[in-house]
2 protein chains.
Amino acid sequence: MVTLAEVAQHAGVSASTVSYVLSGKRSISTITRQRVEQSIRELGYHPNAGARALASSRSNIIALMVPLRTDMYVPVMMEIAIAVATTARTHGYDVLLLTGEEGPDAVRRVTGSGLADAMILMDVELDDERLPLLRGTDQPSVLIGLPADTTGLTCVDLDFKATGALCVEHLAMLGHRDIAVIGEAPAVYERHTGFAERTLDGLRSRAQELGVRLLHRPCEGGYDAMAVTLARILDERPGTTGFVVQNESAVEPLLALLRQQGRAVPEDVSVVAVCPDQVAMQASVRLTSVAIPAQEMGRHAVERLVAKLDGRGADEVVLIAPELAVRASTGPAPSGTS
Amino acid sequence: MVTLAEVAQHAGVSASTVSYVLSGKRSISTITRQRVEQSIRELGYHPNAGARALASSRSNIIALMVPLRTDMYVPVMMEIAIAVATTARTHGYDVLLLTGEEGPDAVRRVTGSGLADAMILMDVELDDERLPLLRGTDQPSVLIGLPADTTGLTCVDLDFKATGALCVEHLAMLGHRDIAVIGEAPAVYERHTGFAERTLDGLRSRAQELGVRLLHRPCEGGYDAMAVTLARILDERPGTTGFVVQNESAVEPLLALLRQQGRAVPEDVSVVAVCPDQVAMQASVRLTSVAIPAQEMGRHAVERLVAKLDGRGADEVVLIAPELAVRASTGPAPSGTS
DNA sequence: ATAGGATGTCGAAGCGCTTCGACAGCTTTC
DNA sequence: GAAAGCTGTCGAAGCGCTTCGACATCCTAT
């Protein structure tokens, strides 16, 4: 293993000079810099991470805590994780992957050991037990998702309230007056992961403003659960012509069931989904949808975090504006309804 | 930040004694151990990761390199990643998440800097450019997936050849004589990711042994591509009654298309999938399938790696035996065929 | 009674790096 | 032409831990 000292000797300078070449924290003459860089290349030198962390008390590592649970739509998590890793690298950071399994202990461990300089938490619950720890430490952190109380925290998330509003608006504009919302599994609501509630909030308030009737039903996803849910909805509100779906595993079943019942999309009923673009594009009908901007969320989170690590940037809540892409699953409400 | 020295002082012992309590590398009297442990708890001490890494030249970190590309089925990757992280923790290791983006450079960087003690590589190509580097270093590594030449490497993967054989066997046993294989996207074959070829190999050789006719067609996935592929297959081999699908995004489209054409599953045609159990269970017909044992692969990989780090265990190829779960998508071939 | 072996603890030497203060050799300034 | 300021480089201290050899102590076997 090549060390700094060996590079210094090879280049005929002192160790500190090599260090300054590497960090750029003091000016070095061009000629010396080049000699040092040459030696580094020739010897294939890589600074030792441990020594560096010890001496500088910076590990250049960002911890990313992903949920262990897999009832959330997994590809989104993965996409965020990859965006985080990629963006972190462009800022000189590596990413440590923590699962939610350890819970708050992981926060303590990572903070206490100086393993990471900062943390990103995914899948934050409204009243997450890790939050007090984060507030109590001076280690920067960013949440992906929104807890109930955001004071003293930096959060990044899609603006789900605006998302809900946008979906209703789109359907209302097309003349739909009876809209059903197919939501996440009941467990998601019970767990108080805020996004589902915020979406509903946006849906409801905008629906009221626009004078649209709204019926919300959580759904486990899968064919059987969807069949039951749909039957109940149509029983209760036979005039339903618009659907908003916020549950990836209910999308395809819903389309199949509608087809099976002879209800054409978008001629008879319209469907708007809140889901990753990939799902919207690969469905049997190309779905009008609001995308979950996974990459953007990951990127934003890292950038906020790096800003904090550099002493720039304060606590703030970044809500990404939703964008509705109109595709083939929505159209004017059939005449004669409501 | 609490240090070892402070713990030592608090407990009235020397620093080295505390260190030995922590590592267990020398025997410590019960009374001393307890005093030290008490102090550790009271002070909330966490050993500094950097200092530890520097002094012991072990970082207790395993690097996991995941593919950047997302044309593979993402949930499987995620499940493996989580299994790796979870298993690693039970052995006292943390996991560093690297994306394939940096390619071989990441291997050099991590190896050179001592950031990680070992590596796990996912999505290995047959002739992966990272392999020479791995062979040339003394840092332990495990591949998830099988390259062309495995000498000097440790690999973990599903036995895809046996998987292919198993699928054919099952269909043949049920009396199917004309089987179509719907494979991954052409790009996957072109990239020479071995698993697709190995499955095909198993399918073909067993089909020949059993006197079954086999037709293989790659497929991009999605409805449109599947429609084209299916039409071609039925045109070329109208008597096809069995399907083997190795492409998650083709499964549901295939079922929908068959239904649409009035071919009942499993009465008229049988379908076997090679996919994660979750996909098989959530499909519109519960699919007979061979599961991709993501968790098991992640776990095995870490365990092999830890064995190597402990000086136990040598290079070897671990092929996980496939298991076929019979569900509702396969049945006896309709009489009068072939 | 005493040599020899366990057993438990300590001191000190690094691990490879960053960073601070010092300083030699320049250039600028009046 | 001397004071003052820059620039570029160096030496040394120290980050918090592991680990090796040394050394008491106590036990066991002669």
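Chain identifiers are assigned alphabetically (A, B, ...) following the order of the sequence lines, protein sequences preceding nucleic acid strands; residue numbering begins at 1 within each chain.
Map B:His46 and B:Tyr20 each onto its nearest nucleotide of DNA chain D; the residue landing nearer the 5' end is B:His46.
Computed from coordinates, the B:Asn48 CG to D:dC17 C1' distance equals 8 Å when rounded to whole Å. Atom CG in A:Leu4 sits roughly 17 Å away from atom P in D:dA12 (whole-Å rounding). Following rounding to the nearest Å, B:Arg58 (CZ) and C:dG16 (C1') show an atom-to-atom distance of 18 Å. The interatomic distance linking A:Leu54 (CG) with D:dC15 (C1') rounds to 4 Å, in whole Å.
Among the atoms of the strands shown, only primed sugar atoms or phosphate atoms (P, OP1, OP2) are found under 4.0 Å from some heavy atom of B:Ser56. Looking at heavy-atom distances under 4.0 Å, A:Ser16 makes contact with a base. Counting non-hydrogen atoms under 4.0 angstrom, B:Ser19 reaches a base of the nucleic acid.
Between A:Arg52 and C:dT18 there is a side-chain N or O to OP1 or OP2 distance below 4.0 Å. For B:Thr17, a side-chain nitrogen or oxygen approaches OP1 or OP2 of C:dC10 to under 4.0 Å.
Counting only N and O atoms by type, the side chains of B:Ser29 and B:Thr32 include a donor and acceptor under 3.5 Å apart. In this model, no donor atom of one side chain and acceptor atom of the other lie less than 3.5 Å apart for A:Gln38 and A:Arg35. There is no side-chain donor-acceptor pair under 3.5 Å between A:Glu316 and A:Thr154. Defined by atom type and a distance below 3.5 Å, a donor-acceptor pair is present between the side-chain atoms of B:Ser14 and B:Thr17.
Non-hydrogen atoms lying under 4.0 Å from DNA chain C are contributed by B:Arg26, B:Ser27, B:Ile28, B:Ser29, B:Thr32, all within residues 23-40 of chain B.
Between B:Pro140 and B:Lys308 the shortest heavy-atom distance is CB-CB, 3.9 Å. The two residues A:Leu309 and A:Arg58 come nearest to each other via the heavy atoms O-NH2, 3.9 Å.
With hydrogens and angles ignored, no donor-acceptor pair under 3.5 angstrom links the side chain of A:Tyr45 to the base of C:dC17.
Annotation: ring pair (Phe, Tyr, Trp, His ring centres under 6.0 Å) contacts of B:Tyr93 (sequence neighbours excluded): none.
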